[in-house]
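Worksheet for the structure shown next.
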Amino acid sequence: MRAKPLWTPSQGRIEHANITAFARMAITDWELPINDYPSFYRWSIDRPDEFWQSVWKFGRVRGERGARVLVDGDRMPGAKWFPDARLNFAENLLRRRDGSDALVFWGEDKVARRMSHAELHGLVSRLAQALRAAGVAPGDRVAGYLPNLPEAIAAMLAAASLGAIWSSCSPDFGVQGVLDRFGQIAPKVLFAADGYWYNGRAVDCLAKVAEIAGRLPSIERVVLVPYLAERPETGAIARATTLAAFVAPFAAGEIEFARLPFDHPLYILYSSGTTGVPKCIVHGAGGTLLKHLSEQLLHSDVKPGDRLFYFTTLGWMMWNWLVSAPAGGSTIVLYEGAPFARDGAILFDYADAEGMTHLGTSAKFIDALNKAGLAPIRTHRLARLRTILSTGSPLVPEGFDYVYASIKKDVCLSSISGGTDIVGCFVIGNPILPVWRGEIQCRALGMAVEVFDEAGRPVRRGKGELVCVKPFPSMPVGFWNDPDGAKYRAAYFEKYPNVWTHGDWCEITEHDGMVIYGRSDATLNPGGVRIGTAEIYRQVELLPEVVESLVIGQNWPPADMSDVRVVLFVKLADGLSLDDALIAKIKDQIRRNTTPRHVPAKIVQVREIPRTKSGKIVELAVRNIVHGEPVKNVEALANPEALEQFRNRPELAT
């Protein structure tokens with residue numbers, strides 16, 4: 001019997017979706033002879049100049065658009081979007097000044113706050129004046145070493161209003177991790193907090209802030225944001241002042257928004273950096289704004305009055321994505337702390353209390369809820385929740401099942417994927433399309449995404465590299481300290497000239513959706529057959545004994561390295577040990593549900609799986625450790641000590 005979708009939008013939902021209104025507008029404006037979604041997507045990539053003009057119009061972008069839309073559109077990199085435009089990112093997010101909620105914030109169960117549009121505008125006004133008085137000018141860098149606080153958003157908007165460039169790290173980064181990032185970009189002002197709460201425990205950050213300030217000579221002012229204490233001590237921190245003292249001389253008023261070119265730098269984001277010092281990826285204001293308007297308004301159906309939440313920190317690009325929400329008229333819902341507080345219920349408590357319409361999280365969190373046996377569908381109302389978003393790693397088919405069985409039945413489950421590199425998504429959800437088990441719904445509008453084989457030929461039914469064959473506005477402006485663009489070109493354009501290669505191993509489905517099998521640089525190649533790591537994870541983590549896992553290809557035999565063998569590391573449930581019976585069970589699970597080539601040659605138990613601070617497992621770092629090669633930037637990891645478990649394992653010597 002033919003499979004059915006897990007969810008199909010009602011006719012009413014389709015009729016009232018933003019994307020439907022957008023399509024009708026575009027069809028009228030451009031006299032388009034189309035009446036179905038595939039044709040509409042094809043128009044968006046065949047005529048990208050028309051599509052992105054329409055996004056500008058539908059999103060009511062404030063600024064001067066100019067006459068030209070796309071120059072050198074056949075060049076990647078090298079295309080120029082809206083070369084005559086002038087705009088300011090912050091101006092587009094600060095459209096309202098009324099008393100309704102701009103931001104809602106929970107810090108675990110310790111702190112609950114809200115900030116109105118009027119209050120946010122007032123704080124941004126005062127911060128902008130203070131930054132200007134401190135000598136911050138267009139192009140200067142302003143950095144945040146902050147928890148996910150409302151003040152972080154205000155500081156970013158204040159910097160953006162002046163044309164300064166914002167960059168941030170979360171306070172769980174160690175000192176060296178911060179220096180590896182901010183040391184490359186030389187910020188003039190640093191916003192930092194006195195600490196944060198995690199699992200009910202106060203974590204003091206003052207000593208780390210003092211060391212960072214002392215080792216970054218570019219910093220002229222440190223602005224300390226109170227969180228743990230009402231009046232944190234600044235005495236040990238060079239050139240420090242409190243937030244209250246910083247803005248005290250200035251009254252709230254009109255904001256002087258600097259309208260700058262479309263590609264004027266807005267953000268510096270960082271690659272995960274587990275194989276070297278992180279790359280500093282520069283994103284422009286105009287491209288970021290248009291991409292987020294497209295994704296939030298069209299693909300996520302975010303409407304005025306909605307409440308958009310994503311579980312994130314300031315060290316992950318989803319923070320930059322989330323904070324664009326006011327451009328579409330929705331309230332930002334912020335959370336700081338452990339996602340499993342209150343025995344895993346806190347985010348769902350929050351959703352009920354604040355009427356979340358969009359709940360964003362990671363595939364790993366959904367898997368953890370499933371393993372813990374939690375069923376919010378029985379304990380929470382989730383009355384306003386329309387969309388659940390998942391990213392960070394592939395959401396396995398069983399994760400889809402869990403959402404509909406145990407969280408909410410009538411919800412659009414939007415598995416999405418893209419990255420820091422584009423501050424957005426290549427493949428994404430869609431409120432007017434069905435949700436099929438294990439599939440990302442569609443390619444993002446305006447993104448000419450294909451799957452290529454090794455020879456650079458499009459693959460319609462089979463696995464290959466995720467590529468984008470045409471320019472798009474949120475391509476990076478460039479990398480910091482890369483004046484000739486060599487590092488930028490090497491990162492994305494060397495494998496297939498004039499084509500963006502993203503590094504995901506994937507497949508387009510019969511429904512024109514997408515399945516991602518893992519990073520292409522981490523795919524396994526036993527006997528010359530490429531295997532996506534996600535195919536193995538899916539099977540292993542169905543077993544109740546396995547909490548999580550990590551798989552690599554080990555060069556074998558080591559003497560000539562002529563082949564690789566599959567090695568699986570497993571973290572088991574408390575109290576369990578890996579014995580012959582469990583090894584056989586794991587291998588049988590993989591063999592029965594994949595192919596014999598997927599079956600690991602070795603299975604090894606470890607206490608912990610190493611991850612980046614945004615929650616991604618680090619297969620390449622573990623592979624380096626196993627092969628005796630250095631891992632150049634362990635500061636990128638949330639738990640760097642976990643790497644030592646993989647060094648010189650006797651099980652891998654035979």
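Please read all numbers here as calculations on a predicted model, not as lab measurements.
- One distance of note links CE of Met475 with NE2 of His283; it measures 11.0 Å at 0.5 Å rounding.
- Side-chain contact between Leu389 and Thr387 is present, with at least one heavy-atom pair separated by less than 4.5 Å.
- Below 30°, between 30° and 60°, or above 60°: for Phe191 and Trp166 the angle between ring planes is between 30° and 60°, a tilted geometry.
- Between Trp81 and Phe262, the ring center distance fails the sub-6.0 Å criterion.
- Between Phe22 and Phe40, the angle of the ring planes goes over 60°, which puts this pair in the perpendicular group of the 30/60° scheme.
- Without hydrogens or angle criteria, Thr612 side chain to Leu637 main chain gives no donor-acceptor distance under 3.5 Å.
- More than 12 heavy atoms of other residues, nucleotides or ligands sit less than 6.0 Å from atom CD of Glu64.
- Contact check for Ser294 versus Phe51: side-chain heavy atoms found under the 4.5 Å cut-off.
- Counting only N and O atoms by type, the side chains of Thr501 and Glu465 include no donor and acceptor under 3.5 Å apart.
- Residues Leu266 and Ile165 fail the side-chain proximity criterion, which asks for heavy atoms closer than 4.5 Å.
- Heavy-atom minimum distance, Leu314 versus Pro147: CD1-O, 3.4 Å.
- With values rounded to the nearest 0.5 angstrom, Ser390 atom OG is found 10.5 Å from Leu359 atom CG.
- Within the model, atoms OG of Ser168 and CG of Leu190 stand 11.0 Å from one another, a figure rounded to the nearest 0.5 Å.
- A donor-acceptor pair is defined here as one N or O able to donate and one able to accept, closer than 3.5 Å; no such pair exists between the side chain of Ser125 and the backbone of Ala252.
- The side-chain heavy atoms of Pro171 and Tyr227, taken from C-beta on, include no pair separated by under 4.5 Å.
- Under the 4.5 Å side-chain criterion, counting only non-hydrogen atoms from C-beta, Cys169 is in contact with Phe182.
- There is a side-chain donor-acceptor pair under 3.5 Å between Glu295 and Trp321.
- Remark: aromatic rings of Tyr496 and Phe452 are close, center separation under 6.0 Å.
- Heavy-atom minimum distance, Gly66 versus Asp84: CA-CB, 4.0 Å.
- Within the 4.5 Å cutoff, the side chain of Leu395 has heavy atoms near those of the Ile366 side chain.
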Just do the side chain to side chain contact (heavy atoms under 4.5 Å, CB included) check on Val104 and Thr331 with the steps written out, would you? CA-CA 7 Å; Val104 179; Thr331 296; 4.1 Å; yes
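- At a cut-off of 3.5 Å, with distance as the only test, a side-chain donor of Arg96 or Ser100 sits close to an acceptor on the other residue.
- Side chain of His292 to main chain of Ser324: no donor-acceptor pair is present (N/O by atom type, distance under 3.5 Å, no hydrogens or angles).
- Atoms CG and CD1, from Asn430 and Ile416 in turn, are 13.0 Å apart once rounded to the nearest 0.5 Å.
- Considering only residues two or more places apart in sequence or on other chains, Pro138 meets the side chain to side chain contact (heavy atoms under 4.5 Å, CB included) condition with His264.
- Under the 6.0 Å distance and 45° angle rule, Lys279 does not count as a cation-pi partner of Tyr270.
- Ile268 contributes atom CD1, which lies 12.0 Å from atom CZ of Phe479 (distance to the nearest 0.5 angstrom).
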Would Asp46 and Lys470 satisfy side chain to side chain contact (heavy atoms under 4.5 Å, CB included), going step by step from the backbone distance to the final call? CA-CA 9 Å; Asp46 286 346; Lys470 293 184 180 181; 3.8 Å; yes
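- Under a 3.5 Å cut-off, the side chain of Ser271 and the backbone N or O of Pro278 do not form any donor-acceptor pair.
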Candidate pair Arg384 and Met356, rule side chain to side chain contact (heavy atoms under 4.5 Å, CB included), full reasoning: CA-CA 6 Å; Arg384 294 193 65 201; Met356 280 183 204; over 6 Å; no
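- Here Glu119 does not pair with Arg114 in a salt bridge; the nearest charged N to carboxylate O distance is not below 4.0 Å.
- When atom types are taken as modelled, the side chain of Lys613 and the backbone of Ser170 share no donor-acceptor pair closer than 3.5 angstrom.
- In this structure, Thr288 contributes its side chain and Gly284 its backbone to a donor-acceptor pair below 3.5 Å.
- Thr313 contributes a side-chain N or O that, together with a main-chain N or O of Gly315, makes up a donor-acceptor pair within less than 3.5 Å.
- For Glu439, the side chain to side chain donor-acceptor pair (under 3.5 Å) partners are Thr509, His511, not counting sequence neighbours.
- Using a 4.5 Å heavy-atom cutoff, the side chains of Leu347 and Phe365 are in contact.
- Here the side chain of Tyr335 pairs no donor or acceptor atom with the backbone of Thr312 at under 3.5 angstrom.
- Listed by chain and residue number, Arg60, Arg62, Asn92, Ala327 satisfy the side chain to side chain contact (heavy atoms under 4.5 Å, CB included) test with Arg95 (two or more places apart in sequence, or in another chain).
- Checking side-chain atoms of Asp482 against main-chain N and O of Lys487 turns up a donor-acceptor pair under 3.5 Å.
- Atom OG1 of residue Thr391 and atom CE of residue Met317 lie 8.0 Å apart, to the nearest 0.5 angstrom.
- Residues satisfying the ring pair (Phe, Tyr, Trp, His ring centres under 6.0 Å) test with Phe493, not counting sequence neighbours, are Tyr488, Trp500.
- Salt bridge annotation for Glu254-Arg97: present, with a cationic side-chain nitrogen under 4.0 angstrom from a carboxylate oxygen.
- Summarising the geometry of Ser414 relative to Gly429, their closest heavy-atom pair is OG-CA, 3.6 Å, with the distance given to 0.1 Å.
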Does the pair Val451 and Leu466 meet the rule for a side chain to side chain contact (heavy atoms under 4.5 Å, CB included), with working shown? CA-CA 5 Å; Val451 176; Leu466 190 154; 5.7 Å; no
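- Nearest heavy atoms, Leu162 versus Leu131: CD1-CB, 3.7 Å.
- When ring centroids are compared, Phe82 and Trp56 come within the 6.0 Å threshold.
- Aromatic ring centroids of Phe426 and Phe472 lie under 6.0 Å apart.
- Applying the side chain to side chain contact (heavy atoms under 4.5 Å, CB included) criterion to Glu50, with sequence neighbours excluded, gives Trp30, Leu32, Trp43, Arg47.
- When all heavy atoms of Ala17 and Ile432 are compared, the pair lying nearest together is CB-CG2, 3.7 Å.
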Evaluate the criterion salt bridge (Lys or Arg N to Asp or Glu O under 4.0 Å) for residue pair Glu151 and Arg113; output intermediate values, then yes/no. CA-CA 11 Å; Glu151 289 82 2; Arg113 295 170 48 201; 2.8 Å; yes
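- When all heavy atoms of Arg141 and Gly139 are compared, the pair lying nearest together is NH1-O, 2.8 Å.
- Between Arg307 and Asp101 there is a salt bridge, since a side-chain N of the basic residue sits under 4.0 Å from a carboxylate O of the acidic one.
- Every side chain to side chain contact (heavy atoms under 4.5 Å, CB included) that Arg386 has, sequence neighbours left out, goes to Arg13, Asp301, Lys303, Asp306, Thr357, His358.
- Checked by atom type and distance alone, the side chain of Asn88 pairs as donor or acceptor with a backbone atom of Ala160 at under 3.5 Å.
- Here the side chains of Leu269 and Asp421 are not in contact, with every heavy-atom distance at 4.5 Å or above.
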